[in-house]
Novice: 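Structure incoming, see below.
What you see is a predicted model, and the numbers here were worked out from it, not measured in a lab. Positions are given from 1, in the same order as the sequence printed here. The figures here come from the full heavy-atom set of this structure, side chains too, leaving out hydrogens, waters and symmetry mates.
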Amino acid sequence: MKIRKLFWGALAMVVLWSCGPDEPDSVYLNTPPVINDQSFSVEENISHTDIIGTVIAKDEVDNDKITFSIHADDSGLFEISLLGKLSLIEGKTLDFETAETYTITVRAHDGIVGKYANVTITVEDMEPEPDSPTVVLQKETLELFNGDTETLTAATTNADGLTVSWTSDNEAVATVDQDGNVTAVSVGTATITATLALSSASATITVVPNVYVAGFDLSGNNDVAVLWKNGEAHNLTDGTNNARANSVFIDDNGIFHVVGHEFINGVKVAMLWEPDGEDIKATPLSNPANEAEAQSIFVNENGISFIVGYELHNGTRDAMLWRNQVANIVSDGSSEAYAYDVYVDGTDVYVVGSQSINGTKAAILWFNDQVVGLTDGSTQAQANSVFVQNGNTYVAGEQDIAGFKALLWDSSQPNPTALTNINYGGAKSVTGNGTDIFVAGVQTNAQNQFLATLWTNGSPTVLADGGMGPSSARSVFLYDSDVYLAGYQIENGVYMAKLWLNGTQIDLGPGYANSVFVK
């Protein structure tokens, strides 16, 4: 049988002559061997007597004996036995600093046909040469706020004439220049690697969002408007006049816009505070002769600002909308009116607040040129916050129903949802994530003490320990899966500004936190 196979094999070699890789299969009663690409790892200090590995090939049909040989080895370092045992040629050595991998081509032959595969040998660095260049980073992890820059320092040895190169594996999150200056671009994780010759070192960069809280400090003789950024207080006013910040918005360029009021010459003036280099630019929005206050700000994708509040005209307070700082009266001027919040959805502008009906405040929604009465003025009520999601309009506020109750109006429902029933309460801020609705506010406990509360789809979570003193949540903001709230708690008779992150309370210092924005 073997003689016949050899005969037909010889005839095939004459007809289909080939001596290169992947020789043509014999069509005469022979199945060629099967060999796949293979890899081995070996320490650099092995000798020629050490077996790097055994190359495997199969001939499961004919069960012919397979022999091995090296077809190509540019390094000239390796040899293989007929049985496939791979080793170094006597007198040859490996050196990690010279090459970390080698690839050779091995031939498996069944006596008739040869088949070829690549074999990769990876060299392990066992004892780096004492004079080999090395690089080490002084920090292996680094947390940056979005937009911040910090320098990674690389310590090197034996680096004469060599330069450290820097790379980032995720430049959408963090970039690095060739001096090791890392810039946080967006929230996420990136790996920064410093490379010197064959040595490298890496640091994991975690970029977290900036958290802005607007409010005021009560610790001095006068109230000072404050913007806390990542827990650090930045005064917007110098304390000469009483001033309070009510709302903060961060635009697409990362610029903050804060609104509130400041007493100037004894008159409360609606104010806008923005950065001006290292300084703060303060812009009056209202007539300095008229009492006024700015309550909320929204900046759309085109950079147009929408600020709402009130201004006193001829003895009557009118609900106001300042569009790019140009004043517009929202209410009809027939009675006292206040605007507390604004939300912009495309070309639609939503403003909520209150207007007096026969001397009683009614909750009002101003939608473009329409006026929607959320309550009829039969009892005191006001709307504090508005949010639009999936085509529905959500308004948070309160109404006197045998005591003030926190309410949520949903345009898809005929009646508002009472967030508090027996307890007194108020809903101060509303937002959503596309699926769920979150409301921040306050409700009383069994001891009739007001406590900061977060309602998620109507289910309440109390944020503060009543034993510390009364508290209130004034603003809620969502960032990814995190829930941020701003407010205050009275501790030992002192108002303390608070930030809650996923229910964990963070102290900001003496004062009152009105608004939170995360970017």
Side-chain angles (χ1 to χ4, degrees), residues 214-218 222-227 235-249 256-274 276 280-299 304-344 349-357 359 361-366 369 371 382-386 397 428-429 474-475 511-515:
F216 52 94
D217 184 344
L218 294 165
N222 290 320
D223 301 344
V224 176
V226 175
L227 177 65
N235 291 346
L236 303 174
T237 58
D238 60 9
T240 302
N241 303 313
N242 275 309
R244 296 186 174 187
N246 293 322
S247 178
V248 57
F249 195 101
F256 71 78
H257 310 266
V258 179
V259 297
H261 69 266
E262 182 174 3
F263 282 85
I264 300 177
N265 297 323
V267 178
K268 184 189 290 186
V269 178
M271 298 295 295
L272 167 66
W273 294 282
E274 298 169 306
D276 183 16
I280 300 296
K281 177 184 178 182
T283 303
L285 298 169
S286 58
N287 185 328
N290 298 335
E291 175 193 326
E293 186 169 351
Q295 290 283 356
S296 179
I297 180 170
F298 191 105
V299 181
I304 299 173
S305 64
F306 299 79
I307 302 169
V308 297
Y310 77 86
E311 186 170 356
L312 182 66
H313 299 120
N314 300 318
T316 300
R317 293 173 179 84
D318 293 317
M320 299 296 297
L321 168 63
W322 290 274
R323 189 191 300 257
N324 266 1
Q325 304 175 26
V326 177
N328 299 272
I329 299 176
V330 175
S331 54
D332 60 14
S334 62
S335 59
E336 295 273 307
Y338 302 82
Y340 295 116
D341 193 27
V342 58
Y343 188 88
V344 181
V349 180
Y350 301 79
V351 177
V352 294
S354 67
Q355 184 159 5
S356 178
I357 300 177
K361 285 199 305 182
I364 302 293
L365 165 65
W366 292 276
D369 295 326
V371 180
Q382 69 182 43
N384 297 316
S385 179
V386 59
K428 306 303 182 183
S429 178
R474 310 289 298 177
S475 175
Y512 200 108
N514 280 320
S515 176

Novice: Just verifying a value: how many Å separate Trp322 CH2 and Thr283 OG1, rounded to the nearest 0.5 Å?
Specialist: 13.0 Å

Novice: Between Asn241 (side chain) and Phe263 (backbone), is there a donor-acceptor pair under 3.5 Å?
Specialist: yes

Novice: Between Glu336 and Arg317 (salt bridge meaning N to carboxylate O under 4.0 Å), is one present in this structure?
Specialist: yes

Novice: Is there a donor-acceptor pair closer than 3.5 Å between any side-chain N or O of Glu311 and the backbone N or O of Asn287?
Specialist: yes

Novice: Quick check: closest heavy atoms across Gly239 and Val224, and the distance to 0.1 Å?
Specialist: CA-CG2, 3.7 Å

Novice: Counting distance only, does the side-chain N/O of Ser356 pair as donor-acceptor with the main-chain N or O of Ser335 below 3.5 Å?
Specialist: no

Novice: Of all heavy-atom pairs between Ala245 and Asn514, which one has the smallest distance, and what is that distance?
Specialist: O-ND2, 3.0 Å

Novice: Which pair of non-hydrogen atoms, one from Ala363 and one from Ala383, has the smallest distance, and what is that distance?
Specialist: CB-N, 3.7 Å

Novice: Please assess Gln355 against Asp332 for the test side chain to side chain contact (heavy atoms under 4.5 Å, CB included), listing each intermediate value before the final yes or no.
Specialist: CA-CA 9 Å; Gln355 184 159 5; Asp332 60 14; 2.8 Å; yes

Novice: Return the CG to CH2 distance between Asn235 and Trp273, rounded to the nearest 0.5 Å.
Specialist: 11.5 Å

Novice: Test your reading of the model: is there a side-chain donor-acceptor pair from Ser354 to the backbone of Gln382, 3.5 Å cut-off?
Specialist: no

Novice: So how far is it from Asn242 CG to Phe216 CZ, rounded to the nearest 0.5 Å?
Specialist: 10.0 Å

Novice: To the nearest 0.5 Å, how far apart are CE in Met320 and CG in Asn328?
Specialist: 7.0 Å

Novice: How many angstroms lie between NZ in Lys268 and OH in Tyr310, if you round to the nearest 0.5 Å?
Specialist: 4.0 Å

Novice: Indicate yes or no: at least one non-hydrogen side-chain atom of Tyr350 is less than 4.5 angstrom from one of Val352.
Specialist: no

Novice: Work out which heavy atom in Ser305 is nearest to a heavy atom in Gln325; give both atom names and the distance.
Specialist: OG-N, 4.3 Å

Novice: Other residues, nucleotides and ligands only: do more than 12 of their heavy atoms fall within 6.0 Å of CG on Asn324?
Specialist: yes

Novice: For the CE atom of Met271 and the CG atom of Asn246, what is their distance to the nearest 0.5 Å?
Specialist: 12.5 Å

Novice: Where does the angle between the aromatic ring planes of Tyr340 and Tyr338 fall among parallel (under 30°), tilted (30 to 60°) and perpendicular (over 60°)?
Specialist: parallel

Novice: Show, in sequence, the C-alpha distance, side-chain angles and deciding distance for Val386 and Trp366, and conclude whether the side chain to side chain contact (heavy atoms under 4.5 Å, CB included) test is met.
Specialist: CA-CA 11 Å; Val386 59; Trp366 292 276; over 6 Å; no

Novice: Salt bridge check, Glu293 against Arg244: does any charged N sit closer than 4.0 Å to a carboxylate O?
Specialist: no

Novice: Spell out, as yes or no, whether a donor-acceptor pair under 3.5 Å connects the side chain of Ser515 to the backbone of Val248.
Specialist: yes

Novice: Ignoring hydrogens, what is the shortest heavy-atom contact between Asn222 and Thr240? Give both atom names and the distance.
Specialist: ND2-O, 3.1 Å

Novice: Could you pull out the closest heavy-atom pair between Ala225 and Thr237, with the gap in Å?
Specialist: N-OG1, 3.1 Å

Novice: Under the side chain to side chain contact (heavy atoms under 4.5 Å, CB included) rule, what do Ile304 and Val344 come out as? Steps first, then yes or no, please.
Specialist: CA-CA 10 Å; Ile304 299 173; Val344 181; over 6 Å; no

Novice: I would like to know whether Ser296 and Tyr343 meet side chain to side chain contact (heavy atoms under 4.5 Å, CB included); could you show each step before the answer?
Specialist: CA-CA 9 Å; Ser296 179; Tyr343 188 88; over 6 Å; no

Novice: Are the side chains of Val308 and Val330 in contact, using a 4.5 Å heavy-atom criterion?
Specialist: no

Novice: Answer yes or no: are there more than 12 heavy-atom neighbours, outside Asn314 itself, under 6.0 Å from its atom CG?
Specialist: no

